Protein chains: 2
Amino acid sequence: MTPVSVDRHNEIVRAAYLSRGFTSSEAEDAVRLCESASRHGIRTHNALKALHLDDHFGSKAGGCVPGADVREMPSRFDAVRCWDARLKLGQSVAFQAMETCIELADKYGSGTVAVDNAFHYLWGGGYVIDAAKRGYIAYTNCTSTLCEVVPPGGKFPVLGTNPHSWGLPTCDALGYPVCIDWATSTVAMGRVQQFLREGKPLPSGAAVDADGEPTTDPAAVRYLLPFGAHKGYSLALLNELMAAFIGGSLPSLRGLPEKKTGGEKTSAAFYFHVVHPEALASGLFAEGRSQAENVKAVLQDILGHGNEQCIIPGQFEAEAAAESEKAGGLLFTDAEIAGFNELAAGLGVAPLRESRRAS
Amino acid sequence: MTPVSVDRHNEIVRAAYLSRGFTSSEAEDAVRLCESASRHGIRTHNALKALHLDDHFGSKAGGCVPGADVREMPSRFDAVRCWDARLKLGQSVAFQAMETCIELADKYGSGTVAVDNAFHYLWGGGYVIDAAKRGYIAYTNCTSTLCEVVPPGGKFPVLGTNPHSWGLPTCDALGYPVCIDWATSTVAMGRVQQFLREGKPLPSGAAVDADGEPTTDPAAVRYLLPFGAHKGYSLALLNELMAAFIGGSLPSLRGLPEKKTGGEKTSAAFYFHVVHPEALASGLFAEGRSQAENVKAVLQDILGHGNEQCIIPGQFEAEAAAESEKAGGLLFTDAEIAGFNELAAGLGVAPLRESRRAS
C-alpha cells in the first residue's frame, strides 16, 4: 500500500463526477465520502467502486440524476421527515439527511428522515461515524441497488445485501466512535469471486446454487444467503419492509429497469435516525459518573477480565484512519493507483502523487 | 399439549403476583404478558418462567420492588423520555413505555422511552406485537439480567443475551404483524442444558469453556457466544452501550448484587422506540397503491418466485395464536400443567381446567 496525496485523489474524483454532469456540490459530497472511505480502510467503497456503480446503475444507466432537487413531502409530524430524492446522488442525500436528523434531534431528542426514490449512498458507516464524532447516536439502513440474497428456504433473490449502520459517540471513551456497519448477507458477491480465483470453498451457509440449494462451491454460486440464519434474514427483511412503508416497490425489480412492468419503481429507499445522547441520560450513573464517564467505565469493563484482545466495532476503521494519518495520505494498492491514474489521464487531470509525511 | 381455560390460568398467575406483594395493577400486567406469551407459543417466557425469574432475581432477591413508582426524569426534549423505573415490575414498565412511545409518535412521528433501573420485562416480542397490531412500527431492546455471553476472542461474559425486538404493522398484508424477536446469543443457556440431557453436541460457535475456548460439548460449556460472529456480537454490544448512555452500570456486575462494589448498580436498562408509519410514507407508491397495499405487494413479491415456503418472522407466533384460538385455550404440556396446579394449591386458588371449544 502506498500513501497518496489527498488533494490529488480528491481532484481526480471531483473531475470524474463533474464530467458526468453532477453539480459541484454533488461532486464535493462524492469526494467527501470517497476520501472518508479510503481514509478508514473501506476498500470496498473507494472512488473506483463508486464510479463503477455509477457506470452500471447510476448516471450512465438512468438510476441516478445529476443535479436533481430533493423534495420534502408534506407531513403533520415534526420529528420525522420524508423526502423524495428524485434519484439524486446518494451521498448528497445521505449527508443532508443526517444533517437534518441532527437538527431534529437537537430540538426533539430524536430525528428521522425517510427517503424514497433513492440511489445508493455507498457506505453507511461514513455517515454514522461523522454524526457520532459530533456527539450523536446515529443509525441508517437502506435497500441495496440489487437483490442478490435469497431468504432461507427460498429459491429467488428478493432481499438486497441490505446493510445496517450504527455510530455511537464514544470518542471520549475510546478515542474513536463505535461503528457497527455490515451487510446482512454472509459474504458479498465480490468475495465469492475472490474465493473462485483462489480456488477455495465458501463458508457453509453463505450461498445457494441455481436451484436454491446451499453450496460452498464458488463456481456454482448463483445467489447469497443472509448471515446468522433466521436472525440475519430478519434484519435483511427489515430493510425491505421499511422501504415498503416509505415507498419502495417490488424488491425483485429493484435496480433492473429492463424488467420493470407498468408503474413499478426500481429505486432504493433510505432510513436515517439520530438520537441526542442527552435525551437518554437518566443522570443516575453509578459512582457519580457523567454520561461520558459511564460509557467509558462500561467499555473498560467489557474489555477487562481477560477480554483485552477483543475487537470493538469501529476499531479497524479507526486504526486505518490512524495509519492514513501516519502515512500522510490515503493508502492504495498499485492496482488501485493504476486505476486512478487511468481515470486521471482520461479526465485530463494530474495523476496521484505519492505522499509521505516527514517523520 | 392440552388447552386450558384462560381465566383459570390468569387467576393463578394473578394470585401468585399478589401474594408476592405486587399491586393489582402490576399483577394484571404480569397476567397480560404471560397470557400473551403462552397464547403465541412462547414457552420460554410463560408464567412459570416469569415466577422462577422473580424468585431468583426479582421481588424475592431485591432486584424488583413491588409497588414502585416510575419517575420521569427532567428533559428538554419533547419526543424522547427517560424514566427511572426504580426496579418496578418490568412488564408494567414496558407496557407503559410502549404506550408513551405511541402517544409521542402520534404527535411527533416517533417516540422514544429510555428506562434506567429496570427489572427484566420477559418477552420483548409481546410489546412490539401489541403496538404493531395497533398500527405502529415498534422496537425495543434491553440488557439481560445477567451477562452470560463472551465477546469473540474474549474469556469473560460481559454481554447479556441482549434481545432485539421489532414489530411491523402488517396485519392487512399477512393477517399478523411481522415480529422480529431474538436474543443475540447463538443459543440460550436453557438450550445447552437440553443438549446435555439429550447427549448431543452443540452447534459450533455457540459457546466456550472455562478457558474461553470454543466448545461443542454441552458438559464443558461455561459461557455463550453471540450469533453470527462479529455481526451478532456488535448487536449484543449495542444494548450494553445503549444501557451505558441511559444509566446502566458495569455489565460484569449486572444481576449480581453479591458482587457489587461501592456505588455500582446491578439493574438492567430498556429502550423503546415507536414510529408512526404515516410519518414514513412518501405517498409515491407504485401503481397508485396505498401504503398498506404497497407493503402487501412487497411481501407478496418476497414470498413469490419459488419462495412460497419461506417463513416470515412472526409467522410462528401467529400460527400458535391461531392454534390456541382453535383449541379454545392456552396450550400447555402435562409438566407445565402440573407446575401450575402445584402453584395453585400453594396459593389456595382453583387448578387449571381443561378447555375445549365446542366445534
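All heavy atoms count here, side chains included; hydrogens, waters and symmetry mates do not. Computed from a prediction, not measured in an experiment: that's the story for all the values here. Note on naming: letters A, B, ... go to the chains in the order of the sequence lines (proteins, then strands), and numbering restarts at 1 for each one.
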Engineer: Indicate the atoms forming the closest heavy-atom contact of B:V298 with A:A244, along with that distance.
Structural biologist: CG2-CB, 3.7 Å
Engineer: Does B:K260 have more than 12 heavy atoms from other residues, nucleotides or ligands lying within 6.0 Å of its NZ?
Structural biologist: yes
Engineer: What parts of residues 265-273 of chain B touch chain A if we use heavy atoms and a cut-off under 4.5 Å?
Structural biologist: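 Under the 4.5 Å heavy-atom cut-off, B:K265, B:Y271, B:H273 qualify.
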Engineer: Got a sec, which residues hit salt bridge (Lys or Arg N to Asp or Glu O under 4.0 Å) with B:K88, two or more places apart in sequence or on another chain?
Structural biologist: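 Listed in chain order: B:E26.
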Engineer: Which residue out of B:F285, B:W166, B:F245, B:Y108 racks up the most heavy-atom pairs below 4.5 Å with chain A?
Structural biologist: B:F245
Engineer: Can you list the steps and then say if B:H230 with A:I311 is a side-chain contact (heavy atoms from CB on, under 4.5 Å)?
Structural biologist: CA-CA 9 Å; B:H230 69 288; A:I311 302 297; over 6 Å; no
Engineer: What residue, out of B:L303, B:I312, B:L235, has the most heavy-atom pairs lying under 4.5 Å from chain A?
Structural biologist: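 Among the listed options, the one with the most contacts to chain A is B:L235.
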Engineer: Mind checking whether A:H276 and B:F77 have parallel, tilted or perpendicular rings, split at 30° and 60°?
Structural biologist: tilted
Engineer: Could you pull out all residues at least two apart from A:T186 that satisfy side-chain hydrogen bond (donor to acceptor under 3.5 Å, both in side chains)?
Structural biologist: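 Residues passing side-chain hydrogen bond (donor to acceptor under 3.5 Å, both in side chains) with A:T186: none at all.
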Engineer: Quick check: does any side chain N or O of B:N307 sit under 3.5 Å from a backbone N or O of A:V150, one acting as donor and the other as acceptor?
Structural biologist: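 Between the backbone of A:V150 and the side chain of B:N307 there is no qualifying donor-acceptor contact (under 3.5 Å).
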Engineer: Determine the option with the most heavy-atom pairs under 4.5 angstrom with chain B, choosing from A:G205, A:G153, A:P313, A:S252.
Structural biologist: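 When all of A:G205, A:G153, A:P313, A:S252 are compared, A:S252 has the most.
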Engineer: Does any part of the side chain of A:E240, heavy atoms only, come nearer than 4.5 Å to the side chain of B:I302, both counted from C-beta?
Structural biologist: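 Answer yes - side chains close enough.
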Engineer: Could you check whether A:E308 pairs with B:K155 (Lys NZ or Arg NE/NH1/NH2 to Asp/Glu carboxylate O, under 4.0 Å)?
Structural biologist: no
Engineer: Is any side-chain heavy atom of B:R289 closer than 4.5 Å to a side-chain heavy atom of A:S249?
Structural biologist: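 Heavy-atom side-chain distance check passes, below 4.5 Å.
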Engineer: Let me know if A:K107 has heavy atoms under 4.5 Å from chain B in its side chain, its backbone, both or neither.
Structural biologist: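 For A:K107, the contact with chain B is made by the backbone alone.
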Engineer: So for A:L237, is it side chain, backbone, both, or neither that comes closer than 4.5 Å to the heavy atoms of chain B?
Structural biologist: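 Contact with chain B involves the side chain of A:L237 alone.
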Engineer: Chain A heavy atoms under 4.5 Å from B:D181: which part of the residue, side chain, backbone, both or neither?
Structural biologist: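 For B:D181, there is no contact with chain A at all, as no heavy atom is under 4.5 Å.
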Engineer: Just give me the residue among A:I246, A:D116, A:V275 that pairs up with chain B most often, heavy atom to heavy atom, under 4.5 Å.
Structural biologist: A:I246
Engineer: For chain B, which of A:D78, A:I180, A:L284 has the most heavy-atom pairs under 4.5 Å?
Structural biologist: A:L284
Engineer: Is it the side chain or the backbone of A:P152 that comes within 4.5 Å of chain B heavy atoms, both, or neither?
Structural biologist: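 Just the backbone, heavy atoms under 4.5 Å.
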Engineer: According to the interplanar angle, ranging from 0 to 90°, do the rings of B:F227 and A:F227 count as parallel (below 30°), tilted (30 to 60°) or perpendicular (above 60°)?
Structural biologist: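 It falls in the parallel class, under 30°.
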Engineer: For chain B, find which of A:A292, A:S75, A:S110 contributes the most heavy-atom pairs closer than 4.5 angstrom.
Structural biologist: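 The answer is A:S110.
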Engineer: If we define contacts as heavy-atom pairs under 4.5 Å, which of A:E287, A:K231, A:E278 has the most with chain B?
Structural biologist: A:K231
Engineer: Non-hydrogen atoms of chain A under 4.5 Å away: do they reach the side chain of B:V113, the backbone, both or neither?
Structural biologist: neither
Engineer: Can you tell me which of B:V80, B:L253, B:V178, B:D301 forms the most heavy-atom pairs within a distance under 4.5 Å of chain A?
Structural biologist: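 Most heavy-atom pairs within the cutoff with chain A belong to B:D301.
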Engineer: For A:V115, is it the side chain, the backbone, both, or neither that has a heavy atom closer than 4.5 Å to a heavy atom of chain B?
Structural biologist: neither
Engineer: Between B:L250 and chain A, which part of the residue has a heavy atom less than 4.5 Å away: side chain, backbone, both or neither?
Structural biologist: both
Engineer: So for A:S290, is it side chain, backbone, both, or neither that comes closer than 4.5 Å to the heavy atoms of chain B?
Structural biologist: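 Neither part.
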Engineer: Which atoms of B:L299 come close to chain A, meaning under 4.5 Å heavy atom to heavy atom: side chain ones, backbone ones, both, or neither?
Structural biologist: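 Only the side chain of B:L299 comes within 4.5 Å of chain A.
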Engineer: Hey, which of B:G228, B:C147, B:G247 has the most heavy atom pairs under 4.5 Å with chain A?
Structural biologist: B:G247
Engineer: Under a 4.5 Å cutoff for heavy-atom pairs, which residue among A:A279, A:G304, A:G154 has the most contacts with chain B?
Structural biologist: A:A279
Engineer: So how far is it from B:I137 CD1 to A:L241 CG, rounded to the nearest 0.5 Å?
Structural biologist: 9.0 Å
Engineer: Check each atom of A:L104 against the heavy atoms of chain B and say whether the ones under 4.5 Å are side chain, backbone, both or neither.
Structural biologist: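 Neither the backbone nor the side chain of A:L104 comes within 4.5 Å of chain B.
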Engineer: For A:Y176, what residues pass the ring-ring contact (aromatic ring centres under 6.0 Å, His included) criterion, not counting sequence neighbours?
Structural biologist: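 ring-ring contact (aromatic ring centres under 6.0 Å, His included) check on A:Y176 returns nothing, list empty.
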Engineer: If you count heavy-atom pairs under 4.5 Å between each of B:P169, B:S282, B:A114, B:G314 and chain A, which one has the most?
Structural biologist: B:S282
Engineer: So which residue, B:A297, B:S234, B:G306, B:G248, ends up with the most heavy-atom pairs under 4.5 Å with chain A?
Structural biologist: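 Answer, by heavy-atom pair count under 4.5 Å with chain A: B:S234.
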Engineer: Check whether A:A173 gets within reach of chain B through its side chain, its backbone, both or neither, counting any heavy atom under 4.5 Å.
Structural biologist: neither
Engineer: So do A:L168 and B:L238 actually touch side chain to side chain, heavy atoms under 4.5 Å?
Structural biologist: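 A side-chain contact exists here, since the closest heavy-atom pair is under 4.5 Å.
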